[in-house]
Amino acid sequence: QVQLVESGGGLVQPGGSLKLSCEGSGIIFRHFAMGWFRRAPGKTRELVAQIESGGSTKYDDSVKGRFTISRDNIKNTIYLQMNNLKPEDTAVYYCGAFRSGYWGKGTLVIVSS
């Protein structure tokens, strides 16, 4: 059974930081490009950051310079370091393995004072 489990969400003040983790079981992450997505209230899901099997990364313009995606193939985990968080970053964050159809259930990030 394939599972992707996100963790690390929570409530943080504007300007603060959070680090999200996504751990996989039943799937070998290093075989896939992986991504972090988010769905803000009333909006569609959007791709925030992706990391290829070889380690190259891409970011949405809205998070460039603030978010960093990384992967640990030994731990079968990907991460999203989020710095200088803004209220508009409030969303449920999901991890997914491209071209696999597998997603996690998400972790909620709320940026508010």
Side-chain angles (χ1 to χ4, degrees):
Q1 182 180 1
V2 175
Q3 283 190 309
L4 282 66
V5 180
E6 302 95 338
S7 61
L11 174 64
V12 63
Q13 292 186 343
S17 298
L18 283 174
K19 186 173 185 178
L20 307 183
S21 301
C22 170
E23 184 174 1
S25 59
I27 179 173
I28 301 175
F29 277 5
R30 69 175 184 270
H31 292 170
F32 296 91
M34 300 292 299
W36 282 100
F37 301 76
R38 68 186 179 189
R39 177 175 287 155
K43 296 187 177 181
T44 57
R45 186 169 57 193
E46 62 177 356
L47 175 63
V48 174
Q50 67 182 78
I51 184 165
E52 302 296 329
S53 298
S56 60
T57 58
K58 293 180 182 179
Y59 298 91
D60 185 81
D61 286 344
S62 65
V63 305
K64 277 182 182 176
R66 300 189 297 123
F67 290 11
T68 302
I69 188 171
S70 60
R71 64 194 303 158
D72 185 330
N73 290 332
I74 294 175
K75 294 183 177 179
N76 210 39
T77 300
I78 64 168
Y79 304 96
L80 186 68
Q81 176 67 47
M82 305 186 295
N83 298 327
N84 190 22
L85 282 159
K86 304 176 180 180
E88 52 263 42
D89 295 318
T90 294
V92 178
Y93 285 72
Y94 304 85
C95 64
F98 285 94
R99 294 187 296 277
S100 74
Y102 295 120
W103 298 86
K105 293 184 178 180
T107 185
L108 178 61
V109 172
I110 299 174
V111 184
S112 176
S113 55

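Side chains are part of it too, since the values below use all heavy atoms of this structure and drop only hydrogens, waters and symmetry mates. Computed from a predicted model, the values in this text were never measured in an experiment.
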Of all the heavy-atom pairs spanning [X] and [Y], show the shortest one and how long it is.
{"X": "L80", "Y": "A49", "value": "CD1-CB, 4.2 Å"}
{"X": "P14", "Y": "S113", "value": "CD-N, 3.7 Å"}
{"X": "I78", "Y": "C95", "value": "CD1-CB, 4.0 Å"}
{"X": "S21", "Y": "T77", "value": "CB-CG2, 4.3 Å"}

| Restricting to pairs with a member in residues 19-44, which pass ring pair (Phe, Tyr, Trp, His ring centres under 6.0 Å), not counting sequence neighbours? | F37-F98, F37-W103

| Could you give all pairs that pass the ring pair (Phe, Tyr, Trp, His ring centres under 6.0 Å) test and reach residues 55-85, with sequence neighbours left out? | none

| task | Starting at CD of Q81, measure out to CG of L18 and round the result to the nearest 0.5 Å. | result | 8.5 Å

| When rounded to the nearest 0.5 angstrom, what distance separates SG in C22 from CE in M34? | 5.0 Å

| request: Only pairs at least two apart or in different chains count here, so list each salt bridge (charged side-chain N to carboxylate O under 4.0 Å, His left out) that has a residue in residues 50-65. | output: D61-K64

| task | Mind jotting down which residue pairs meet the salt bridge (charged side-chain N to carboxylate O under 4.0 Å, His left out) criterion with at least one end in residues 14-30? Sequence neighbours excluded, please. | result | none

| field | Contact list for residues 1-13, test side-chain hydrogen bond (donor to acceptor under 3.5 Å, both in side chains), sequence neighbours left out | value | none

| Which pairs count as side-chain hydrogen bond (donor to acceptor under 3.5 Å, both in side chains) when at least one residue sits in residues 89-101, sequence neighbours excluded? | R38-D89, R38-Y93, R66-D89

| field | Stepwise side chain to side chain contact (heavy atoms under 4.5 Å, CB included) test for L11 and S112 | value | CA-CA 7 Å; L11 174 64; S112 176; 4.2 Å; yes

| task | Examine L20 and Y102 and state if one hydrophobic cluster contains both, with Ile, Leu, Val, Met, Phe, Trp and Tyr joined whenever side-chain heavy atoms are less than 4.5 Å apart. | result | yes

| V48 reachable from V12 in the ILVMFWY side-chain graph, under 4.5 Å edges | yes

